[in-house]
Amino acid sequence: MPSETATSIAGTLHDWFADAARPLPWRAADVSPWAVLVSEFMLQQTQVARVLPRWEAWITRWPTPARLAAEPPSEAVRAWDRLGYPRRALWLHRAAAEIVERHGGEVPHDLEALLALQGVGPYTARAVAAFAFGLRHPVVDTNTRRVIARAVAGQAEAAPPSVARDLAAMGAMLPADAGEARVFNAATMELGATVCTARTPRCDECPISSQCAWRAAGYPAYTGARKAVQARFEGSDRQVRGLVMRELRAAHRPVSRAELERTWPDTAQLDRAIAGLLADGLAVSDGDDAFGLPQS
DNA sequence: AAACCGTGGGT
DNA sequence: TACCCAAGGTT
């Protein structure tokens, strides 16, 4: 049972969302659950602007899980292009196969079944259940966590993530009606993404500024635990993996280790990257010192 | 459970 | 310019 404060915030956000929501294509009424699932995979740690063109191309080419599962994983990895974290492309391909095998080609509604799909975790499972099927589940992403931290807890930043705590916090605020709950989930994320942003929040444009505990407290600085800082990307193994994957995507034939050395001369680091990609199934050896994308 | 996993937008 | 950080998931 949501508190009066939560009910009040939900009502305000509902009205705000009605005209402030960006017209994102995966929010259209006629998109399939599969198209929603694809969008959620792509949006993991990746901004909307970068996802839009890849999503359009993907669902045009593969409008159903079966159509994707019928092609080799290499095609999924190529279509993923430079979205980043290419394991997601592999996982989405695998999830499509699982949907065909276990669910007759239809994206399952059930939370447990969704969570069992490769690459689907607590966020993605609830996002699909809520946004594609209208089921009443709390959906918590990084935006939601920041909005709750500020508006409800009065803190500048969210504490390090805790699935159980974060879901409980959002669950306690969730409207009882499933339709209202879906809007509340989406509106809270939207507010965090466009107004209550991490770096420079636009509090003067915020629809719930009068109800915001952080604002009421005078915008105190964050004093809690900080999340770990991301390692430097330049010169990292991640960068090398990315460069190797770019070569493998572009070459529609095996690429020799000698060729890869031209993109990254540090052979120890290159070998580490290749070994990692082989272990992840993003690359396969041709048995003769050359590498390609997985064909099956 | 802390660390790892890409790429680029925003400031 | 550098640096932060982004609709997370897996091991």
Classify A/Pro122 by what it touches in the nucleic acid, base, sugar-phosphate, or nothing, heavy-atom distance under 4.0 Å. sugar-phosphate
Round to the nearest Å and state the distance from A/Leu277 atom CG to C/dT10 atom P. 19 Å
Please determine whether any donor N or O and acceptor N or O are separated by less than 3.5 Å between the side chain of A/Thr200 and the base of B/dG10. no
Integer angstrom distance from the C1' of C/dT1 to that of B/dG8: 16 Å
B/dC4, B/dT7, C/dA7: which one has an atom nearest the side-chain heavy atoms of A/Trp26? C/dA7
Take A/Asn143 and A/Arg146 through the side chain to side chain donor-acceptor pair (under 3.5 Å) test and state the conclusion after the steps. CA-CA 5 Å; A/Asn143 295 303; A/Arg146 186 173 53 253; 2.9 Å; yes
Sequence neighbours left out, what pairs pass salt bridge (charged side-chain N to carboxylate O under 4.0 Å, His left out) with at least one residue falling in residues 279-296 of chain A? A/Arg87-A/Asp280, A/Arg241-A/Asp280
Report yes if a side-chain nitrogen or oxygen of A/Thr142 is closer than 4.0 Å to either non-bridging phosphate oxygen (OP1 or OP2) of C/dA6; otherwise report no. yes
Under a plain distance cut-off of 3.5 Å, with no hydrogens placed, do A/Tyr123 and A/Gln44 share a side-chain donor-acceptor pair? no
Under 3.5 Å side-chain donor-acceptor pair for A/Gln269 and A/Trp264: yes
Below 4.0 Å: OP1/OP2 of C/dA6 and any side-chain N or O of A/Gln45: no
Select from A/Gln44 and A/Ala228 the residue whose nearest nucleotide in DNA chain B is closer to the 5' end of that strand. A/Ala228
Measuring from the side chain of A/Arg50 (C-beta onward, heavy atoms only), which nucleotide among B/dG9, B/dT11, C/dT10 has the closest atom? B/dG9
Phosphate OP1/OP2 of C/dG9: any A/Thr124 side-chain N/O under 4.0 Å: yes
Determine the contact category for A/Val120: base if any of its heavy atoms lies under 4.0 Å from a base atom, sugar-phosphate if only primed atoms, P, OP1 or OP2 are that close, otherwise nothing. sugar-phosphate
Using the C1' atom on both, measure B/dT7 against C/dT11 and round to a whole Å. 23 Å
In whole Å, what separates the P atom of C/dA7 from that of B/dA2? 24 Å
Using whole Å, what does the distance between atom C1' of nucleotide C/dT10 and atom CG of A/Asp280 come to? 10 Å
For a quick test of reading the model: is some side-chain N or O of A/Arg202 closer than 4.0 Å to OP1 or OP2 of B/dT11? yes
Mind checking A/Gly84 for me? I need base, sugar-phosphate or nothing, with any heavy atom below 4.0 Å counting as a touch. base
When the distance from OH of A/Tyr85 to C1' of C/dA6 is rounded to whole Å, what number comes out? 9 Å
Side chains of A/Thr12 and A/Gln211: is there a donor and an acceptor less than 3.5 Å apart? yes
Has A/Arg82 got a side-chain N or O lying under 4.0 Å from the OP1 or OP2 atom of B/dG8? yes
Hey, what's the ring geometry for A/Trp55 with A/Trp26, parallel, tilted or perpendicular (30° and 60° as the breaks)? perpendicular
Between C/dA7 atom P and A/Arg146 atom CZ, what is the distance in whole Å? 7 Å
Ignoring hydrogens and angles, are the base of B/dG6 and the side chain of A/Arg238 linked by a donor-acceptor pair under 3.5 Å? yes
Between A/Arg232 and A/Ser39, which is nearer to the 5' end of DNA chain C once each is assigned its nearest nucleotide? A/Arg232
Using a 4.0 Å heavy-atom cut-off across all strands, classify A/Ala49 as base, sugar-phosphate, or nothing. nothing
Atom pair distance, as rounded to whole Å: CZ in A/Phe233 and P in C/dA6: 18 Å
In a check of side-chain contact (heavy atoms from CB on, under 4.5 Å) between A/Val128 and each of A/Leu117, A/Leu111, A/Leu114, which one passes? A/Leu114
For A/Asp237 and B/dT7, what is the distance between atoms CG and C1' respectively, to the nearest whole Å? 16 Å
How close or far is atom P of B/dG6 from atom CH2 of A/Trp91, stated in whole angstroms? 9 Å
Take the protein atom CD of A/Glu234 and the nucleotide atom P of B/dT7, then report the distance between them rounded to whole Å. 12 Å
Looking at the side chain of A/Arg199, which of C/dA6, B/dC4, C/dC3 is the nearest nucleotide? C/dC3
Quick one: label A/Leu282 by what it contacts on the DNA or RNA (base, sugar-phosphate, nothing), any heavy atom closer than 4.0 Å. nothing
Tell me which of A/Leu117 and A/Asp141 sits closer to the 5' end of DNA chain C, going by the nucleotide each one is nearest to. A/Asp141
